[in-house]
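Before any comments, here is the structure.
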There are 2 protein chains.
Amino acid sequence: MSNSDAARAASIGLAVSTVIFALRDADGAPRATPPSAGGQGTDAPATVWLPLVRRIREPQCGRWALPGGMVELDESLEGAARRNLAETTELQPTYLEQLYAFGDVNRSPDRRLVSVVYWALVRPDEAAQVTLGENVQWFPADDLPELAFDHNLIVDYALWRLRTKMEYSAIAHAFLGDEFTLAELRGVYEAVLQKPLDPANFRRQMESSGAIEATGGVVTGGRHRPPKLYRYTGDVQLVDAGPLTPRIPA
Amino acid sequence: MSNSDAARAASIGLAVSTVIFALRDADGAPRATPPSAGGQGTDAPATVWLPLVRRIREPQCGRWALPGGMVELDESLEGAARRNLAETTELQPTYLEQLYAFGDVNRSPDRRLVSVVYWALVRPDEAAQVTLGENVQWFPADDLPELAFDHNLIVDYALWRLRTKMEYSAIAHAFLGDEFTLAELRGVYEAVLQKPLDPANFRRQMESSGAIEATGGVVTGGRHRPPKLYRYTGDVQLVDAGPLTPRIPA
DNA sequence: ACAAAAGTGTTCGGGTTACACCCATGG
DNA sequence: CCATGGGTGTAACCCGAACACTTTTGT
């Protein structure tokens, strides 16, 4: 073994991976419009999906895995996550947050590898633009095949974080565009939490939270009474988004 | 530059650091007994402290820093944190959880370094056994000097996590021994949250939570009515302790 | 006019807050 | 017996769940 090999073998590899969440119809259709909160109505209820990439080299060649790659010397961890996302799925996520660092000794059969994992939320229109192919496909987050390495564990943890954080933070708007109706926003909550919500109480909770405000516009062309449009105010902090925003709103 | 040097320089260094929290008297006394919940009584109120080590080599030589070190090839991230804790402070923490991975490009002026940071809670009697010296000292968490690297930011974030988590999880018992009185437990909450709590309501909340149970014993020798002793039941999950315990109690 | 979704009002019950009050012990 | 903290009781209050009801549109 040469000096060069020794030095390489003695270093711990540092990678990033990202769990990308988007809402799609339960049957897998790309869903151009946001989820319109119809639990058992004409619309199929939306569910949480994520894109995976097929590994094309050993180890674990052929298995589906989270998009990711090695961290370069001149990029931050989040920068590496964004670069890999752009390279593999052409996505620029609305929301991106560090999830956890996975570093068990034997998590990769090849060499010692530590992965800093991020999780991301993207809008349905963004998700529809992902270039699918033989090696990039969407999967329902609650029903995954056996993935490479410890990626099943990682996705389960990310999904748990998404669902628990949805209940105390204002991340739901990351699944929507700038303007949205309360029914669309409620549809996001129902899709993620997998339970119906009372429209009346949901409206009051959102209005009293100060997280949203009416834009003044309405959505015409629907079959029924035109709903008001709202936007996210930004007044409410997204708590626990990392060490740079550690403060709870006063 | 030889091949060996190139390989070494091209790798990203992986380190672990730990923010260790303990409760001590506001004046810095090591406090043999747990905090007995006397906000403005005879006892000085307890506050959150942490041990720091003085750097004895460049870069940032002479500055105070979090205990930590490089991750070895054959140890997990948490294993590396525990080993470094034992080596520098001889502490075996009751509670240890991953906090965040810090990896900005310029966070270390020397070489590219990514630090996976853990946070720990230790009991007062353990904390008192830390071998102090010229290069290991306790500091109040809310009033730190300028630390090495980005360690001020890290401690602030850890402190925020401690305080927010105290409000929805059952981590307070990690500051206490196996048996404790309700006044001692309340003292922990008051010290961390920095506000007085109603003894009557605190008692009912703890009893109804199912997190504690009476041992049957009482503390005699006090000046007043002997308080009952309680123990932590373990029925209540410590939520958000990482991907291995991602489930909320039913 | 009717269906269906948008939006409002009201009641009910559990949980938290504030504080009055009794209990037990050492001095 | 009194001061002090341990421990119990209780009424006011807040907030979310449940659901009846009104409004507004397209067909």
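Chain naming here is simple, since letters A, B, ... match the order of the sequence lines and numbering starts at 1 in each.
Straight-line distance from the NZ atom of A/Lys195 to the P atom of D/dA17: 8 Å, rounded to whole Å. A/Asn201 has its CG atom 15 Å from the P atom of C/dG7, to the nearest Å. Following rounding to the nearest Å, A/Arg203 (CZ) and D/dC21 (P) show an atom-to-atom distance of 20 Å. Atoms CZ (B/Phe202) and P (D/dG5) sit 17 Å apart, rounded to a whole Å. Between the OH atom of B/Tyr189 and the C1' atom of C/dT16 there is a distance of 15 Å, rounded to whole Å. For the pair B/Lys228 NZ and D/dT8 C1', the computed distance is 11 Å after rounding to whole Å. Rounded to an integer number of Å, the gap from A/Glu207 CD to C/dT8 P is 6 Å. Protein atom CD of A/Glu184 is 13 Å distant from nucleotide atom C1' of C/dA6, rounded to whole Å.
In plain terms, the two heavy atoms of B/Phe175 and B/Val122 that are nearest each other are CD2-O, 3.5 Å.
Counting only heavy atoms from C-beta outward, the side chains of B/Thr89 and B/Ile20 approach each other to under 4.5 Å. Inter-residue side-chain proximity for B/Leu77 and B/Tyr118 is flagged as met; some heavy-atom pair is nearer than 4.5 Å. The shortest distance between side-chain heavy atoms of B/Leu229 and B/Val219 falls below 4.5 Å. Inter-residue side-chain proximity for A/Leu197 and A/Pro199 is flagged as unmet; no heavy-atom pair is nearer than 4.5 Å.
Under 4.0 angstrom from either OP1 or OP2 of D/dA17 there lies at least one side-chain N or O belonging to A/Gln205.
Judged by distance alone, with hydrogens and angles left aside, A/Arg204 brings a side-chain donor or acceptor within reach of the base of C/dG9, the pair sitting under 3.5 Å.
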### Task
Indicate for each nucleotide in nucleotides 22-27 of chain D, in 5' to 3' sequence, whether protein heavy atoms under 4.0 Å reach the base (B), only the sugar-phosphate (S), or nothing (-).
-BBBS-
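Candidate nucleotides C/dA6, D/dG9, D/dG6 were compared by shortest atom distance to the side chain of B/Ala200, and D/dG9 ranks first.
Nearest-nucleotide positions on DNA chain D place B/Thr181 closer to the 5' end than the other of B/Thr181 and A/Asp198.
Looking at B/Arg163 and B/Glu167, no side-chain N of the basic residue comes within less than 4.0 Å of a carboxylate O on the acidic one, giving no salt bridge.
The side chain to side chain donor-acceptor pair (under 3.5 Å) search around B/Ser115 returns B/Arg107, not counting sequence neighbours.
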